[in-house]
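Inspection log for the structure reproduced underneath, given as structure tokens.
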Amino acid sequence: MCRLCGRRLESTPGSDRRPTSWASEAISRSCPRPGTPCRTLRSSACLDNSHPADEPEFLRPGCFWSAAQVRPDRPGPLAVAGYDPRAPHRPGVPDRREPRAPAVTLGPGSTASAQAVRLREFSAVGSPGGARVPSEGFVTSITHQSENFPEWYNDVVLKAELADYSPVRGCMIIRPYGYAIWESMQGELDRHIKATGHSNVYFPLFVPRSLLEKEAEHVEGFNPQVAWVTHAGGKALDEWLAIRPTSEAIIADSVKDWIQSYRDLPLLMNIWNNVVRWELRTRLFLRTTEFLWQEAHTFHATREEAEAEVATGLDCYDRVSEEWLAIPVIKGRKTDGEKFPGAEFTWCIEAMMRDKKALQAGTSHMLGQNFARAAGIEFLDRDNVRKNPYGTSWGFSTRMVGATVMAHGDDSGLVLPPNVAPVQVVIVPIFRTDEERAAVAGAIDRLQGALAETPEGKAVRVKVDWRDESPGFKYNHWELRGVPFRLEIGPRDVAAGQAIVVKRVDRSKEAVPLDRLAAELPARLGAYQAELLARARDFRDSNTHQVDTYQQLKDGLDGEGGFFLAPWCGNAKCEKQVNDETGATIRCIPFDSPDESGKCTVCGGSSERRVLFARAY
RNA sequence: CGGGGCGUGGCGCAGCCUGGUAGCGCACCUGAAUGGGGUUCAGGAGGCCGAGCGUUCGAAUCGCUCCGCCCCGACCA
């Protein structure tokens, strides 16, 4: 019922596609006054001209969002993302919203569930209400990894304040602490990209439909995931605008006038932006409807040069991943079934998370002449022949924040590599009286002064936690946030001229003289960074297995899990069978897997090398 | 889309059967003590009980309709 005019709002059949909760409400609550364009909204008012003053701000004519979300020319307003008007309607597509993690309270947890965990822990050590055994783990309201890894992940991302859910389904809000982590890896990758000769540029958010549809395989691959703007300025657009799912199409079109001669090549560009891909199933950072990333786009005169560029891109990712995020990766080539729509081939890096599942950490695509040809880009080569340039594109996204969480975290929360940690060292002062406080503060001031003038000039990101909370509370607070080192400085330490240095990753404690601490911290952070990488590499290697029969592969996947290197004949049918029957996919054909003749794990046909099978995110 | 369940302060829940204008824990604010692994005590602020319509003197509670969410299945990847 329209709350303004009282007309009944009727349900519209076929409203099973639900891009957002409120848009779906709009769809199913259209107000069918005959002959009157009617825009009905979540407020359950029918917003026709008779009561325009009540229109929500964001629905007034001229407002972009009103245009994007509502179609006045249809009884059921349909600006439906992922909706291909040419496709037959498919009923029965379910609403697959990722379940929200049970929201949680921060801080000293005593929510019901936290208490349940606490009770469980007490009973686990056999002394309900008795003294806690420190090594038995902390009282915490984070789900244990071994209990339910996805829930652990959600708990950590929310409680460490990396991100939050948004009012729009599938989208996320990146909070300051999470954004700082993103900025760190973004900065590092940007340095690599520039060092390899690329320039940052910007292209529009909107892609005219005709451009997106020029490359046939590309359209087909992306169409189901594209969000369309159908209205703007209060009226229907003659040509729909896609909200970019990626920018190949618009870039290829835009640069065609820039490239006339081989002298204009190579053209090496990079964009930092957001893209939208309508996902049915989303997870914070790992797969969101809108995400932030970098996409490099290059054009070259020769195939060889373009192929070298694909390697350059992958190399940037490999280095950022290993050197900055301490995540070891396996480089390889995607199978044809997994490659980018419109590419000739796709290279990738794959990483192992602590639940032994794989995560695609970055991809680099050889576009060949596909997009150039579709967009009509031609240049005159040395030999005075007009040719289409060869293109590449490569992308690295906020998903890597999730990868960092899942590659290093433990039951106490995040474990961050120092390079990306927004806070590398947290100092927790301990005192009772004002005199003690003053003494501790003095020691901390001197330490901070010394840190500011480290010989290497390398600033250490230090935070002193003076909040009026108990020390134990602060320990847990910063452990949850993955801070690599904690310094405890109390009266006893000031007297002894030392600080207690606690490593987050193994919680080891060590007394270090205050006068050496500042000089040593950078090296300790460096060692910590290396230790995390080594730890992750050990974990991955010890969970990577060679298997030769399908039975072994299935047993392995269902058993302890991990990565499985197995022979494959190259046939897509075998690939699909494994996926259908085990849920695993071929993550890549690793570059470092040696030539080795064998029999395909699935069909027994001849295989030239082993490929990497795993269940993946 | 089929079957089941659930919507009550920020979060987790009780109250509903047997209508009388809302309560608990955590989080939040204030004060004091405490402070070397999630510290106590005291005081305080915060809720049109998912929405609409009905029944009634009176609805969180009863009835109808709608909306949203979760689980299982099917579908998709």
Side-chain angles (χ1 to χ4, degrees), chain A residues 1-3 6 8-11 13-18 20-22 24-29 41-45 82 90-118 121 131-142 155 158-159 164-165 167 169 221 224-225 277-282 287 337-338 412-413 428-433 436-437 440 465-480 486-494 496 499-500 502 507 509 511 576 579-580 583 585 616-617:
Chain A
M1 183 87 72
C2 173
R3 79 184 145 77
R8 184 167 173 72
L9 305 178
E10 289 181 2
S11 290
S15 58
D16 52 284
R17 284 169 178 273
R18 295 175 181 172
T20 71
S21 54
W22 72 266
S24 77
E25 196 167 346
I27 290 167
S28 58
R29 277 208 191 171
L41 292 166
R42 66 191 312 201
S43 55
S44 55
R90 290 185 307 158
V93 176
D95 180 350
R96 295 276 308 258
R97 176 169 187 171
E98 177 72 2
R100 283 202 172 197
V104 283
T105 40
L106 303 175
S110 312
T111 58
S113 65
Q115 282 169 341
V117 169
R118 186 178 308 181
E121 283 179 351
R132 210 168 53 230
V133 181
S135 61
E136 281 294 323
F138 283 77
V139 174
T140 174
S141 42
I142 303 177
D155 283 353
L158 293 169
K159 292 188 179 186
D164 211 340
Y165 293 104
R169 170 182 308 181
Q225 290 192 291
R277 296 179 185 177
W278 219 262
E279 301 283 356
L280 291 180
R281 213 197 144 93
T282 60
R287 171 169 283 118
E338 299 270 329
S412 296
V428 178
I430 296 161
F431 55 89
R432 289 165 225 259
T433 62
E436 286 179 349
R437 183 189 160 110
V440 169
D465 189 351
W466 282 111
R467 286 178 305 168
D468 187 17
E469 299 284 357
S470 73
F473 177 89
K474 294 175 187 174
Y475 298 166
N476 286 283
H477 178 92
W478 294 108
E479 280 177 11
L480 170 60
R486 172 175 83 237
L487 307 186
E488 303 173 12
I489 303 182
R492 296 205 293 268
D493 303 305
V494 176
I500 305 297
V502 186
R507 219 177 259 124
K509 298 191 179 188
K576 185 170 185 308
N579 184 226
D580 289 347
T585 47
Y617 280 96

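Note on naming: letters A, B, ... go to the chains in the order of the sequence lines (proteins, then strands), and numbering restarts at 1 for each one.
Note: CZ (Arg437(A)) to C1' (rU34(B)) measures 15 Å, nearest angstrom. If you measure from atom CZ of Arg287(A) to atom C1' of rC76(B), you get 12 Å, rounded to the nearest angstrom. Rounded to whole angstrom, the span from the CG atom of Asp155(A) across to the C1' atom of rC11(B) amounts to 13 Å. Here the P atom of nucleotide rU34(B) and the CD1 atom of Ile430(A) are 16 Å apart, to the nearest Å. The separation between Glu436(A) atom CD and rU34(B) atom P is 11 Å, rounded to whole Å.
The side chain of Val502(A) approaches rG37(B) more closely than any other nucleotide in the set rU39(B), rG35(B), rG37(B). Between rU39(B), rG35(B), rG36(B), one nucleotide has an atom nearer to the side chain of Ser470(A) than all others, and that is rU39(B). Out of rU39(B), rG36(B), rG37(B), the shortest distance to the side chain of Asp493(A) is found at rG36(B).
Looking at heavy-atom distances under 4.0 Å, Arg486(A) makes contact with a base. Here Lys509(A) lies in heavy-atom contact (under 4.0 Å) with a base.
Between Arg486(A) and Glu479(A) there is a side-chain heavy-atom pair separated by less than 4.5 Å. Looking only at side-chain heavy atoms (C-beta outward), Trp466(A) and Arg437(A) come within less than 4.5 Å of each other.
Between Pro429(A) and Asp465(A), the shortest heavy-atom contact is CD-O, 3.1 Å.
Evaluation of atom-type donor-acceptor distances gives a pair under 3.5 Å for the side chain of Glu479(A) against the base of rG37(B).
Remark: the backbone N or O of Arg467(A) is paired with a side-chain donor or acceptor of Lys474(A) at under 3.5 angstrom.
In this structure, rC6(B) forms a base pair with rG68(B), meeting either the Watson-Crick or the G-U wobble geometry with both donor-acceptor distances under 3.5 Å. Look at rA42(B): its Watson-Crick or wobble partner, with both distances under 3.5 angstrom, is rU30(B).
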